[in-house]
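These notes are about the structure you will find just below.
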Amino acid sequence: MGIIEGIKKGSREAIIGQVCRVLEKNPQKNVDKIFSVAKKLAKDNYSKMAVENIEDYYNEIPTVKDEIQDILANTNSNCLQKFFKNFLANAIWNGVEKRQKWLDEENTKIPFVILLSPSMRCNLRCSGCYAADYPKDQGLSFEEVDKIVGEARDLGIHYMVILGGEPFFVDYMYKIYEKYNDVMFTPFTNGTLFNDDIADKLSKLGNVMPMFSLEGFEKETDDRRGKGVFNKVMNGMDLLKTRGIPFGVSSATTTHNIDTVSSERFIDMLIEKGSRMSWYFIYMPVGEKPNIENMLKPEQRIELGRRVRNIRMTKPYFAIDFFNDAPYVGGCIAGKYYCHINSSGDVEPCIFAHIAADNVKNKKLIDVFRGELFKELRVRQPYNKNMLRPCMMIDNPNVIREVAKKVKAHPTDKSAEAMLNDKEFQEKLNKLSDDFKTYADEAWEKDFHSKGNDEFAKG
C-alpha cells in the first residue's frame, strides 16, 4: 500500500470510527453529525444529492423524521454499526471507487448488488413462484458461494441479496455471513423457520437484514403460501423486533391483493410489528405455469406506484416499488446495477429474466461482467424513453428476444424458453405491453413530467 492509499485508508477508518461511536451512544440525539459524515462519505454527485435529499426530508417531513429517529432508537447497536460500515461506508464509499475503476479503465460495469440463490430447497410450494420448477436436490456448495462472495467483495460489491428457495434452509450461509462480516446481506425469507436460535445468531452477526414475504394479511398470505404461514411470519417478526434486528417485507402484488398490501391498515400493521421497509414486486409471468390473469391490470400498476409514493410521504415507513420507481434509477437496472446468480451458477441479468451466457462455476465473476450479455444490455438501456415502461420482458418484450439471440444467451427455465421461442406466449406478452402503453404514457407525463434519471440510465 502506497503512502497516499495509506492516508486515505487511515482517514476513512477515523471517520467510520467516529460515526460508530455516535451510533453506539445516543445516535438519535446526534443525527446532524451522522448526516454531516454521510455527506463526506458520498463520492459522487448523485450520492451527495441523495444524502442531502434525505436530510431535507428529515428536517421537513415529520414522518421521515419519526422513522429515522425510531430506527436509531430501537435498532441494536451491533446491527446499526454493521449497517453503517457495510452498506454506507463499504458498499457506497469504499466500493464505488473500486467499481468505478473497472468502468473507467475497460468499460466494464460492476453492479452495486448481487442477488444470489445458493439453493432452491424450500418447505413451501407457493402458487406462481418462479423458483418452483428448479430442482430441489441441487445447489451451490459452500466453496462455490465462498468463491462468489469473495470475488464480489474484491470487485467492490459489499451488498448481497440472498434468495432461493428458502435461504434459511442453507445452514452454511451462517459461515458465509460470519466470514464476510464487511458485507451486508439481505435474505428474502418465507419466515416459517424462525426461532430463538436463528434470531440470536442474527443479533450476534449484525450484518443480516431479513425480508419477510407477505401477500397481505392471514387470508391472502395463507391462500398462496399455505395454512399457518402468516402466523409464523408474525412470530418471526416478534423475535427480531425484541432483539432490535432490522427487517422488512416483500410483497408479490397481484390483481387480487393490491388493495390489501397497499392499504393504510396493512402498512400500520407492519409498522407496529417493527418492519422498516416494504418491497413491492408485481406478479410476473415466470415460474411454474405463469398465469397472466394474476398480473396487475394497467391502471392497477400505475395506481400501485402512486400509493407507494404516498406511503413514503405520509407514513414513518420506507416503501419501494420495483417497477414504478424505475424513473428514479434510469429505467431497468438489470445487468447494470444488479444481477442474479441462480443455484446452478448461471448469471442472469435479473431475478425475473432467466437467460444467461456465463456460469460462475467455470468463469471468474469479473469475466462474466466483461461478457457480451451485460454490455449489450447497457448499450440498449433505457429500453424506452418512458421509464415507467422499463422491463425487457413485459414492457419491451422484443428486447429479451433480440439480446438473447445476439449474444447467444440460453434460457435457464421454462418461462424464459417460452419468452424466446413460444409464439403464442410471445403474443400474450406483446399484448400486455401494448395494453399498458397508453396508461404508462399518461402517467409518465402527469406524474414525472416525462423526465427520469438520465444519468443513471447508462450506468
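Every heavy atom of this structure was used, including side-chain atoms; hydrogens, water molecules and symmetry mates were not. Not measured: the values here are computed from a predicted model.
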Q) Do Glu303 and Arg307 pass the salt bridge (charged side-chain N to carboxylate O under 4.0 Å, His left out) test, and can you show the C-alpha distance, the side-chain angles, and the key distance before you say yes or no? A) CA-CA 6 Å; Glu303 178 61 20; Arg307 292 182 186 183; 3.1 Å; yes
Q) Does a sphere of radius 6.0 Å around CD in Glu299 hold more than 12 heavy atoms from other residues, nucleotides or ligands, not counting ones at 6.0 Å or beyond? A)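 Result for CD/Glu299: enclosed.
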Q | Exceeds 12 heavy-atom contacts within 6.0 angstrom, atom NZ of Lys175 | A |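 No.
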Q: Check whether any side-chain N or O of Asn78 sits under 3.5 Å from a backbone N or O of Lys204 as a donor-acceptor pair, and report yes or no.
A: yes
Q. Just by modelled atom types, is the Val308 backbone N or O under 3.5 Å from a matching donor or acceptor in the Asp321 side chain?
A.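 Between the backbone of Val308 and the side chain of Asp321 there is no qualifying donor-acceptor contact (under 3.5 Å).
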Measure from the ring center of [X] to the ring center of [Y] and say whether it is less than 6.0 Å.
{"X": "Phe322", "Y": "Phe281", "answer": "yes"}
{"X": "Phe194", "Y": "Phe168", "answer": "yes"}
{"X": "Phe323", "Y": "Phe436", "answer": "no"}
{"X": "Phe212", "Y": "Phe247", "answer": "yes"}

Q. Where is the tightest heavy-atom contact between Phe448 and Asn324, given as atom of each residue plus distance?
A. CZ-O, 4.0 Å
Q. If we ignore angles and hydrogens, is there a donor and acceptor under 3.5 Å between the side chains of Asp346 and Asn359?
A. yes
Q.
For Tyr174, does the six-membered ring have the charged nitrogen or CZ of Lys201 within the cation-pi criterion, i.e. under 6.0 angstrom from the centroid and within 45° of the normal?
A. yes
Q | Sidechain N-carboxylate O distance under 4.0 Å for Asp435, Arg301 | A | no
